[in-house]
There are 2 protein chains.
Amino acid sequence: MSRAAARANPTRIQREKTEAILAAALDAFSTQGYRGATLDQIAEAAGLSKPNLLYYFASKDEIHRALLDRLLDTWLEPLRALDPEGDPAAEIEGYVVRKLRMSRDFPRESRLFAGEVLAGAPRIADRIGGPLRALMEEKAAVIRGWSEAGLIAPVDPHHLIFSIWAATQHYADFDAQIRGILGTAGGAHFPAAEAHLVHLFRRAIAPARAGAG
Amino acid sequence: MSRAAARANPTRIQREKTEAILAAALDAFSTQGYRGATLDQIAEAAGLSKPNLLYYFASKDEIHRALLDRLLDTWLEPLRALDPEGDPAAEIEGYVVRKLRMSRDFPRESRLFAGEVLAGAPRIADRIGGPLRALMEEKAAVIRGWSEAGLIAPVDPHHLIFSIWAATQHYADFDAQIRGILGTAGGAHFPAAEAHLVHLFRRAIAPARAGAG
DNA sequence: TGGTCTTATGACCAAACGGTCAAAAACGGA
DNA sequence: TCCGTTTTTGACCGTTTGGTCATAAGACCA
């Protein structure tokens, strides 16, 4: 019999405990990294004994993997939603705003992902080179099309997307630094951040006016 | 007698071994985090036995602290160099370029810092709330002055600097992701990144032309 | 109520960890 | 060459870590 967490027909207890474990593990991994988090710590936070935890997940690695699986599904949604048929400026601005809100609403997930990439992406290199890259190419082509049609300024689509990722995720990943500098608590700086980022990227893609270039 | 590494008059051997240890530790900590890196691993990479390593540094924590001390000194240099008397656009663009080049030339340092902040900045919270915050306020005031004088567009100086940090450091911290997507090796994408970032921030701070807003 | 499958636990294990210590080896100035 | 200092090492230690296992307790349905 395989692991309880991976059953086809999970029982109520399996569903509840699996959720509790993943929630506790997300806390642990996102703040302390893979090696820094311990099974004892996760088990205690989830309200289980360690052997009981290992009844639901076969190993530490399997918990981590399960978290990343969930994460990547939802992580790319904002970019997926970028509509090739929509208004270019509105689409890109909308993407920036959606991405920033994910940083605000899912900072632990952002940090989990950041930590994994920071470490060289040992456990998700395949998915970065696969689905993520494919989606990136698809949307980059859309943006390049807008560029070439003169609907937005000439920009390098890949690096534009990198900048959007960087600038938005920064508010989750570097939260400790931002709080230390601004002195704000509980995401009070997000409205200003959103206004700034919309300004930043709106100007970046605004088509050059007549007479320039 | 205090630790060999902290002597006032270090011997040649002390200097050499201390360097070797810090170099090995930078590799280890930047890719695996504080808990992930082990003394055995650092010792081996530095070509020493573990007790020998602990002859130079009293503890794992002391090595980590020494790395952060060095790092923070040089890390803020690009921002410090932002000249209040210079041309605003040139100063900000210069800052972007310098910061990006630090990501290119010191990616391990960038990742060490990122990992520390990601974990909640437990060991550098004081220096973030202190010297870093002070420098930030100083330069933010400069940028605000430029804004109010109409020399650059109205921008939130703090968030502008956050965006510059985020967008430039991204190329070091998320290198694994960028390589996985672009397929480039050895920093071949840096010229394009520099062109893009200069474009991005030049437009962000360009004063509004007559007739707009 | 009985029986079966699921869930939980205490005791335990080997390996890895950060760190200590006494003693040996190497260094370097007189 | 001598001798005090610096440097290096092997052996060792207590703790923590991820993980196992046999067994007990609990849930659920007939």
Side-chain angles (χ1 to χ4, degrees), chain A residues 1-29 31-68 119 122-123, chain B residues 1-29 31-68 119 122-123:
Chain A
M1 183 75 48
S2 76
R3 281 293 141 180
R7 291 283 181 73
N9 283 20
T11 66
R12 172 186 56 89
I13 293 180
Q14 279 166 9
R15 260 181 280 115
E16 288 174 4
K17 296 297 166 72
T18 301
E19 280 313 305
I21 292 168
L22 288 177
L26 179 57
D27 270 340
F29 284 130
T31 60
Q32 307 182 261
Y34 181 78
R35 283 280 314 270
T38 72
L39 290 182
D40 294 271
Q41 173 192 358
I42 295 171
E44 192 189 340
L48 282 76
S49 65
K50 187 165 59 171
N52 198 186
L53 183 152
L54 288 163
Y55 168 72
Y56 291 100
F57 289 92
S59 67
K60 185 183 185 179
D61 192 76
E62 193 174 289
I63 303 175
H64 196 252
R65 208 175 294 274
L67 279 174
L68 287 176
R123 291 165 230 271
Chain B
M1 181 76 52
S2 76
R3 281 291 141 178
R7 291 284 181 71
N9 283 21
T11 67
R12 172 187 56 88
I13 293 180
Q14 279 166 10
R15 261 181 281 114
E16 288 174 4
K17 295 297 166 72
T18 301
E19 280 313 305
I21 291 168
L22 289 177
L26 179 57
D27 270 340
F29 284 130
T31 59
Q32 307 183 260
Y34 182 77
R35 284 280 313 270
T38 72
L39 289 182
D40 294 270
Q41 172 193 359
I42 295 171
E44 192 189 341
L48 282 75
S49 64
K50 187 166 59 173
N52 198 185
L53 182 152
L54 288 163
Y55 167 73
Y56 291 100
F57 290 91
S59 67
K60 185 182 185 179
D61 192 76
E62 194 174 287
I63 303 176
H64 195 252
R65 208 175 294 275
L67 280 175
L68 287 176
R123 290 164 230 273

Answer yes or no: is there a side-chain heavy-atom contact under 4.5 Å between [X] and [Y]?
X       : Y        : value
A:Tyr56 : A:Leu48  : yes
B:Leu22 : B:Leu26  : no
A:Thr38 : A:Gln32  : no
A:Phe29 : A:Lys60  : yes
A:Tyr34 : A:Arg123 : yes

Heavy atoms from C-beta onward define the side chain here; which of [options] lies closest to that of [X]?
X       : options                : value
A:Thr38 : D:dT20, D:dT17, C:dT9  : D:dT17
A:Pro51 : C:dT20, C:dG10, C:dG19 : C:dG10
A:Lys50 : C:dG19, C:dT6, D:dG19  : D:dG19
A:Asn52 : C:dA8, D:dG18, C:dG18  : C:dA8

Roughly, in whole Å, what's the span from [atom1] in [X] to [atom2] in [N]?
X       : N      : atom1 : atom2 : value
B:Leu39 : C:dC17 : CG    : C1'   : 8 Å
A:Glu44 : D:dG18 : CD    : P     : 14 Å
A:His64 : D:dG18 : NE2   : C1'   : 15 Å
B:Leu48 : C:dG18 : CG    : P     : 16 Å
B:Asp61 : C:dG19 : CG    : P     : 8 Å
B:Glu62 : C:dT20 : CD    : C1'   : 16 Å
A:Ile63 : D:dG19 : CD1   : C1'   : 12 Å
A:Phe29 : D:dG18 : CZ    : C1'   : 11 Å

Do any side-chain nitrogens or oxygens of [X] fall under 4.0 Å of OP1 or OP2 in [N]?
X       : N      : value
A:Ser59 : D:dG18 : no
B:Tyr56 : D:dT8  : yes
A:Gln14 : C:dT7  : yes
A:Tyr55 : C:dT7  : yes

Start at the 5' end of DNA chain C and walk down; is the nucleotide closest to A:Leu53 or to A:Arg35 reached first?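 Checking each residue's closest nucleotide, the 5'-ward one belongs to A:Leu53.
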Have a look at B:Ala37 and say if it touches a base, only the backbone sugar-phosphate, or nothing, with a 4.0 Å heavy-atom cut-off.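 The answer is sugar-phosphate, as B:Ala37 gets under 4.0 Å only of primed atoms, P, OP1 or OP2.
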Sugar-phosphate, base or nothing in reach of B:Lys17, heavy atoms under 4.0 Å: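 Answer is sugar-phosphate: B:Lys17 comes under 4.0 Å of backbone atoms only.
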